[in-house]
**Q** 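Before we start, here is the structure in question, set down as structure tokens.
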Amino acid sequence: MNPQQQAAVQYTDGPLLVLAGAGSGKTRVITEKLAFLIREQGLAPDRIAAITFTNKAAKEMRQRAQKLIKKTSTPLQVSTFHALGWKMLRQHAEAVGFRPGISILDETESTRLLKDLLPANAPPEQLKLCRSQISRWKNAACSVADASGYADSDGEARLAGLFGGYQDQLKRINAVDFDDLISIPLALLDDPDIRAEWQERLRYLLVDEYQDTNTTQYRLLQQLVGRHGGLTAVGDDDQSIYGWRGAEPQNLSLLGQDFSGLKVIKLEQNYRCSGNILSAANQVIANNPHEHSKTLWSALGDGDDIRIMPCADGEDEVRRIVGELDRRTQNGARLHDFAILYRSHHLARPFERALREAGLRYQITGGQSFFDRAEIRDLMAYLRLLVNPDDNSAFLRIINTPRRELGNTSINRLADFAAQKHCSLFDAATDDSCRQGFAPRQRQALDGFCSLIMAATDDREPMRAMHGLIDKLNYREWLREQADNPAQAEKRITAVNEWLGWLERIAQSLEDASLEELSAQINLLSNLDDDQQQDDAVRLMTLHAAKGLEFVHVYLIGAEEGLLPHQNSLDEGSDEEERRLMYVGITRARQSLTISFANKRQRYGEAVRCQPSRFLEELPRQGVYWFGRDDSRDQQRHAEARTAQLSNLRALLES
């Protein structure tokens, strides 16, 4: 470790902010400090919480820390914010009016729940607006009462009422959404006894990507740290690119106000990029305001010039870049060393076609999630209903999956009975007085469904319960019947088996491998664990998705006004977050960086003139080569090199 990293690891006299520039080794600092606190400070592993934003980052951090600590009988607490919130909520469920067996609704399910509270003819835009506003309220630690109090128009009052109805419905079905996993634990800490318990339990917090915290996350951490002051926050305000989902980069500044005696250590040595790349990144980001300025530097040498590639149009951009990739890989370069980054995902489509035509393998980050597949949503709904029979959302998804010939009339009869008796749909389906109103065929279908659920719930071995349920449903055979062709059927069945295998791995890793905990873990995780090496393929991804990654060679495409910076940001009169996106894109490159823009681009079926991004003019002149504009400079440089070579030959012959 360099001196700054060492100082950050060993400082424990008070709260610490580590300003960690791109590629400066922040993950190493966090994992080394976790080990230092255990080995040198004598803190038990369960008294330390390392918190980050993604499951992938948490997994990497846990594995690296485990290697440093070697043997420990107590598991390390390395998790996402939401996983920590779930742990707090589950322990204190009764204190906030929940029963055991809480369901975590994903975005699709929570949106469906909200949709049921809106008028039947409400347009999709209204649903999206309501969902976004409720999420913003929760992320800003704004309660239903607060929202109602702030409302100064009929429209805002109705929206606040909808917020209240949505929360009541969640409580009725014993469920929470992802925003609740932070806002409810924060509310729990208002109780002095609960707050004291958690402050004593977690004596030190290590927090990654602090610049991405929202209001509730910041306040949650503030309450957890308490009087001990055991906090190391690692962040970089220059990489705060998630304002659209509530991130507050100013939380880095608030640390100095809320934690007296805060020490600041800057990590400015970059171990990833060449000097020219860092020089460009530094000069671009310097145009943003900073409370804590920093200048990244590298000991790797200047490296190649950054190349600016003007293109006639979007097709020319694709042709030139894919042609280069083809030539470079034929000369021995590896496909997985290359990444094509963009601000807007639609720019990837023509590259997909061209790469396929060129026979170059590629991988797109940001396609359909595994958990968005219909068959996986079905299985997750079954698991949720096993855990929480009050989960009406899960019930409605699977009551006719596989088909049981229970039509809308039957579902409406169940819903009416449930509303009258103030019970769940599952309780209605098992109530004799309700079932008497059904025809024998429908009553038999309901009995069969409810019996399957109750039998699986009674099985104390969760994986045996899930395997048995799927087999009794004949679910795989049903997928074959529903598929358009055998290949599609096998693909879906493979996904089912993959999900079960993944569930098995999770069950083996848990101390309490109950159905409830399995359900929670599935909802907390967003991607399948995949320990296999990625195929040798070019990576295509948005700048947001690229954060935290690095590549030998980067093509940053579409550097145009309206794309980067994006028009939405320009309309709002701010380009600071867009500039941070540019900074993130530049610093993904280790050896070479090519930035392209088109003079014309197809939009809505017609060619539109484009202007180069303002960020290109912020790049330094030295170490940056513009195709066309700098050709004369390039020719002069080659002439000087030839002259020097001839002089050397002449001197050699004369010696």
Side-chain angles (χ1 to χ4, degrees), residues 7-9 11-20 26 29-30 33-34 37 43 47-53 77 79-82 84-85 88 136-143 146 179 181-240 242-243 245-267 288-294 576-577 580:
V9 167
Y11 183 80
T12 58
D13 293 337
L16 171 66
L17 169 60
V18 181
L19 284 173
K26 67 179 179 65
V29 166
I30 294 174
K33 187 152 194 172
L34 182 56
L37 290 168
L43 276 177
R47 291 296 188 90
I48 308 166
I51 307 168
T52 187
F53 278 85
Q77 292 197 87
S79 70
T80 63
F81 276 93
H82 292 95
L84 175 63
M88 297 174 67
R136 280 194 293 270
W137 273 328
K138 291 187 179 185
N139 288 330
C142 181
S143 67
D146 293 334
D179 293 326
L181 293 178
I182 308 297
S183 60
I184 294 178
L186 176 60
L188 277 168
L189 295 178
D190 287 338
D191 184 306
D193 293 334
I194 295 177
R195 184 169 64 251
E197 176 186 341
W198 279 92
Q199 287 177 354
E200 184 62 28
R201 178 184 299 188
L202 300 179
R203 299 298 297 270
Y204 207 99
L205 295 177
L206 293 157
V207 187
D208 191 17
E209 305 287 10
Y210 209 88
Q211 76 283 347
D212 291 335
T213 55
N214 59 35
T215 299
T216 51
Q217 289 162 343
Y218 179 85
R219 288 177 55 183
L220 180 71
L221 293 169
Q222 187 183 14
Q223 294 278 15
L224 288 173
V225 171
R227 58 185 176 83
H228 299 299
L231 170 69
T232 292
V234 182
D236 181 7
D237 52 350
D238 291 333
Q239 296 189 75
S240 180
Y242 296 113
R245 69 182 189 195
E248 301 278 0
Q250 59 266 34
N251 286 346
L252 287 173
S253 303
L254 288 176
L255 282 170
Q257 302 173 26
D258 296 332
F259 294 91
S260 60
L262 178 74
K263 184 178 180 62
V264 178
I265 295 176
K266 300 178 183 179
L267 303 184
N288 271 2
H290 292 82
E291 180 171 339
H292 302 285
S293 61
K294 62 183 181 301
E576 290 178 13
E577 184 160 318
R580 293 194 288 267

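Bear in mind the structure is a predicted one, so any value in this text is a computation, not a measurement.
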**Q** When you look at Q77 and R47, which way does the side-chain contact (heavy atoms from CB on, under 4.5 Å) test go after all the steps?
**A** CA-CA 8 Å; Q77 292 197 87; R47 291 296 188 90; over 6 Å; no
**Q** Pick out which of L205, L202, L34 makes a side-chain contact (heavy atoms from CB on, under 4.5 Å) with I48.
**A**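 For I48, the side-chain contact (heavy atoms from CB on, under 4.5 Å) test succeeds with only one of L205, L202, L34, which is L34.
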**Q** Do T52 and I30 touch side chain to side chain, with heavy atoms closer than 4.5 Å?
**A**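 No, every pair of side-chain atoms sits at 4.5 Å or beyond.
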**Q** Run the numbers on Y218 and D258 for side-chain contact (heavy atoms from CB on, under 4.5 Å), then give the verdict.
**A** CA-CA 11 Å; Y218 179 85; D258 296 332; 2.6 Å; yes
**Q** Taking all atoms of both residues into account, what is the closest heavy-atom pair of F259 and P15, and its distance?
**A**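 In terms of heavy atoms, the two residues are closest at CB-CG, 3.8 Å.
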**Q** To check you understand the geometry: which heavy-atom pair defines the closest contact between D146 and A141, and what is its length?
**A**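 Smallest heavy-atom distance, with atoms named: OD2-O, 4.0 Å.
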**Q** What's the spacing between T213 OG1 and I51 CD1 if we round to 0.5 Å?
**A**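 The distance works out to 11.0 Å.
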**Q** Using only atom types and a distance under 3.5 Å, with no angle test, would you say the side chain of K26 pairs donor to acceptor with the backbone of D208?
**A**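 Between the backbone of D208 and the side chain of K26 there is no qualifying donor-acceptor contact (under 3.5 Å).
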**Q** Could you tell me whether the side chain of Q211 and the main chain of G235 form a donor-acceptor pair under 3.5 Å?
**A**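 Here the side-chain-to-backbone pair does not exist.
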**Q** Charged N to carboxylate O under 4.0 angstrom, D238 versus K294?
**A**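 Counted as a salt bridge, because a side-chain N and a carboxylate O are separated by less than 4.0 Å.
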**Q** What distance do L231 atom CG and Y204 atom OH have between them, rounded to the nearest 0.5 Å?
**A**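 Answer for the CG-OH pair, L231 versus Y204, is 6.5 Å.
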**Q** Any donor and acceptor pair, going by atom type alone, linking the side chain of Q257 with main-chain N or O of L254 inside 3.5 Å?
**A**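 Answer holds: no.
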**Q** Within the side chain of D179, is there an N or O that forms a donor-acceptor pair under 3.5 Å with the backbone of N139?
**A**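 It does not hold such a pair.
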**Q** Once rounded to the nearest 0.5 Å, what's the spacing between atom CG of N214 and atom CZ of R136?
**A**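 The CZ atom of R136 is 13.0 Å from CG of N214, to the nearest 0.5 Å.
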**Q** Might you point out which heavy atoms bring G85 and P185 nearest each other, and give the distance in Å?
**A**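 The answer is O-CG, 3.4 Å.
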**Q** Where is the tightest heavy-atom contact between F81 and V207, given as atom of each residue plus distance?
**A**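 Closest approach of F81 to V207: CZ-CG1, 3.9 Å.
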**Q** Counting distance only, does the side-chain N/O of K138 pair as donor-acceptor with the main-chain N or O of I184 below 3.5 Å?
**A**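 Such a contact is absent between K138 side chain and I184 backbone.
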**Q** Would you name the heavy atoms of L16 and A8 that are closest together and state the gap between them?
**A**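 Heavy atoms of L16 and A8 come nearest at CD2-O, 3.5 Å.
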**Q** Roughly how far, to the nearest 0.5 Å, is CG of L19 from NZ of K266?
**A**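 Interatomic distance, K266 NZ to L19 CG, rounded to 0.5 Å: 7.0 Å.
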**Q** Taking atom CZ of R219 and atom CD1 of I182, what is their separation to the nearest 0.5 Å?
**A**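 Between R219 CZ and I182 CD1, I get 13.0 Å after rounding to 0.5 Å.
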**Q** Enter the distance from Y210:OH to D237:CG here, rounded to the nearest 0.5 Å.
**A**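 Atom-to-atom, Y210:OH and D237:CG are 14.0 Å apart.
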**Q** Which is it for L189 and M88 under the side-chain contact (heavy atoms from CB on, under 4.5 Å) test, yes or no, and what are the steps along the way?
**A** CA-CA 10 Å; L189 295 178; M88 297 174 67; 3.8 Å; yes
**Q** What's the shortest heavy-atom distance between D212 and Q217, and which atoms?
**A**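 Looks like O-OE1, 3.9 Å.
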